[in-house]
Enquirer: 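Structure incoming, see below.
Residue numbers start from 1 in every chain, and the chains themselves are labelled A, B, ... in the order their sequence lines are given, proteins ahead of strands.
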Protein chains: 2
Amino acid sequence: MKDAHLRFAVLAADTALFTMRDGTLYVRLISVDRPPHFKNVPGLPGGLLHPSETAEKAAARHMKEKAGIKAGKMYVEQLYTFSKVDRDPRGRVVAVAYLALVPWNTLSTREQSDANGAKWVAVKDARHLAYDHDAILMLAIQRLRSRVRYTTLINKLMPREFTLTELENAYECLTSSNLDKRNFRKKILKLKILKELPHKKSSGRFRPAQLYSFVSPNVSEIEIL
Amino acid sequence: MKDAHLRFAVLAADTALFTMRDGTLYVRLISVDRPPHFKNVPGLPGGLLHPSETAEKAAARHMKEKAGIKAGKMYVEQLYTFSKVDRDPRGRVVAVAYLALVPWNTLSTREQSDANGAKWVAVKDARHLAYDHDAILMLAIQRLRSRVRYTTLINKLMPREFTLTELENAYECLTSSNLDKRNFRKKILKLKILKELPHKKSSGRFRPAQLYSFVSPNVSEIEIL
DNA sequence: CCAAAAGTGTTTTTCCTACACCCATGT
DNA sequence: ACATGGGTGTAGGAAAAACACTTTTGG
């Protein structure tokens, strides 16, 4: 890194992008290849800021360039800024980390697949990442799990239309809990954050399920679980 | 700012330090004197990072140097990183902002008083600050108010020993609410986060009040209000 | 008619809220 | 003895938790 000698730290933006599929949470990882420290080690997508770009913009740009995911469809919020002096062995880099979410079904075939070393990895298998990305990822997962309980954040992981069972499964996956079907439905419907759609999902050879969507696309603070 | 021409943004750390006194929340402000943009405008204490110092360290150092408050006694947590390109009119400065709390009674006489342009200002009077510090302060207050509801953060604003009435007043001040004395006591005692001390506070000419302290000095996540 | 997931109600318990009076102390 | 803030209990309503069977569909 040619700028490591600068008087001031260099700034980077790293993103932990999650999606959910088949009741499992996945994170988008790229391959970090920076010998001698990192030879094809998995890591979170990210990179340096341009001189006149916000950290958010840089995060989106690197997400596109390195992880192949277009920024527009992601929900992004700032997670934490990591400023430990030795977090990058090659020089002083301060990273603004972002937590991002995207519904699996809104991804294109290319975005769903592995390419250029970028791939979707089940979070339980995402370990031994480059730099301090293990710590960033752990914090992101913790924040996601916590915010799901008292905000409508799960919205940003669900397809636009979904059944109550799918929503319940998503909550159970994120909070590692088993919810009572009847109580869950009573509670979530009483919150008035969902609207019943005029059609049903004939998903298989069984009874079709009523479809719902969130009333508002925004993430709001409501006690949920 | 001689470094504004650098290829990368310069990093700063700014701190919103709060204390509580007589049922009012105060924030520590300094005087920012950087003509032509800011001539003795109030602002949050902060400044640039040294090249091999974490943002936390820089925040503590500037707090000491500019606001005259020793770092050891403060509780500090990261608030948000502000990276708008034009947030500092003199150049590209990205600020890592911190939310800090200190109990009024642990401050020395010097720290309690105004000196060198540093002073304690009631938050309702803290406006028209330098840079984007209005936004930082607003976010800090919002975060403080929100975290007080579901964590034991208020611990870090209270003296080590306090009466239940004092604690209730602190909650009422922070959440702008009126709590029922009996219900508040029942609830807070059921949480088991307080321990009754063996002595009472003979505060005036009235009935002495039982003193309590927090069981743990840590900030933990518990639904409180 | 069978398999599989969708959908639904009641009871019990817990928690929250509203509310008013006596207590202990210093002067 | 009085002024002042400290301290307590109960009843009614709302919300949460526990719990099992019927419905709808495709094959």
Enquirer: May I ask you to verify whether the side chain of A/Arg207 and the base of D/dT23 hold a donor-acceptor pair under 3.5 Å?
Expert: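 Answer yes: a donor N or O sits under 3.5 Å from an acceptor.
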Enquirer: The side chain of A/Lys186 lies closest to which of these nucleotides: D/dG26, D/dA16, C/dG9?
Expert: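 Given the options D/dG26, D/dA16, C/dG9, the side chain of A/Lys186 is closest to C/dG9.
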Enquirer: Provide, to the nearest angstrom, the distance between the CD1 atom belonging to B/Ile224 and the C1' atom belonging to C/dC16.
Expert: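 Rounded to whole Å, this separation is 16 Å.
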Enquirer: Need one value for A/Thr163: base, sugar-phosphate or nothing, where a base atom within 4.0 Å counts as base even if backbone is also close, heavy atoms only.
Expert: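 Result for A/Thr163 = nothing.
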Enquirer: Rounded off to whole Å, could you give me the CZ-to-P distance for the A/Arg185 and C/dG9 pair?
Expert: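 Between P of C/dG9 and CZ of A/Arg185: 12 Å.
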Enquirer: Between B/Pro208 and A/Lys200, which has a closest nucleotide on DNA chain C that is more 5'?
Expert: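 Closer to the 5' end of DNA chain C: A/Lys200.
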Enquirer: Taking side chain as C-beta onward, heavy atoms only, is B/Glu56 less than 4.5 Å from B/Val76?
Expert: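 Contact flag for B/Glu56/B/Val76 side chains = no.
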Enquirer: If you only use heavy atoms from C-beta on, which nucleotide in D/dG27, D/dT8, C/dA5 is closest to the side chain of A/Phe206?
Expert: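 For A/Phe206, the side-chain atoms sit closest to C/dA5.
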Enquirer: Would you say A/Arg182 reaches C/dG7's phosphate, i.e. side-chain N/O to OP1/OP2 under 4.0 Å?
Expert: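 False: A/Arg182 side-chain N/O out of range (4.0 Å or more) of C/dG7 OP1/OP2.
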Enquirer: By nearest heavy atom, map A/Ser202 and A/Lys181 onto DNA chain D; which one lands nearer the 5' end?
Expert: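 The answer here is A/Lys181.
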Enquirer: Both B/Leu211 and A/Lys187 contact DNA chain D. Which one's nearest nucleotide lies toward the 5' end?
Expert: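 The residue closer to the strand's 5' end, by nearest nucleotide, is B/Leu211.
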Enquirer: Between A/Phe162 and A/Phe214, is the ring centroid distance below 6.0 Å?
Expert: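 Here the rings of A/Phe214 and A/Phe162 have centres that are less than 6.0 Å from each other.
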Enquirer: Expressed as a whole number of angstroms, how long is the span from A/Phe184:CZ to D/dA18:C1'?
Expert: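 Result: 18 Å.
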Enquirer: Given B/Leu153, which partner from the list B/Asn155, B/Thr151, B/Leu157 fulfils the side-chain contact (heavy atoms from CB on, under 4.5 Å) test?
Expert: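 That would be B/Thr151.
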Enquirer: Might you work through the side chain to side chain contact (heavy atoms under 4.5 Å, CB included) test for A/Arg28 and A/Met63, ending with a clear yes or no?
Expert: CA-CA 9 Å; A/Arg28 188 72 167 173; A/Met63 207 62 209; 4.3 Å; yes
Enquirer: Compare the minimum distances between each of C/dT17, D/dG7, C/dA6 and the side chain of B/Asn183, then state the nucleotide with the smallest one.
Expert: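 My answer, after comparing the listed nucleotides, is C/dT17.
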Enquirer: Categorize B/Thr165 for me: base, sugar-phosphate, or nothing, with a 4.0 angstrom heavy-atom threshold over every strand shown.
Expert: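 Sugar-phosphate, backbone atoms only, no base.
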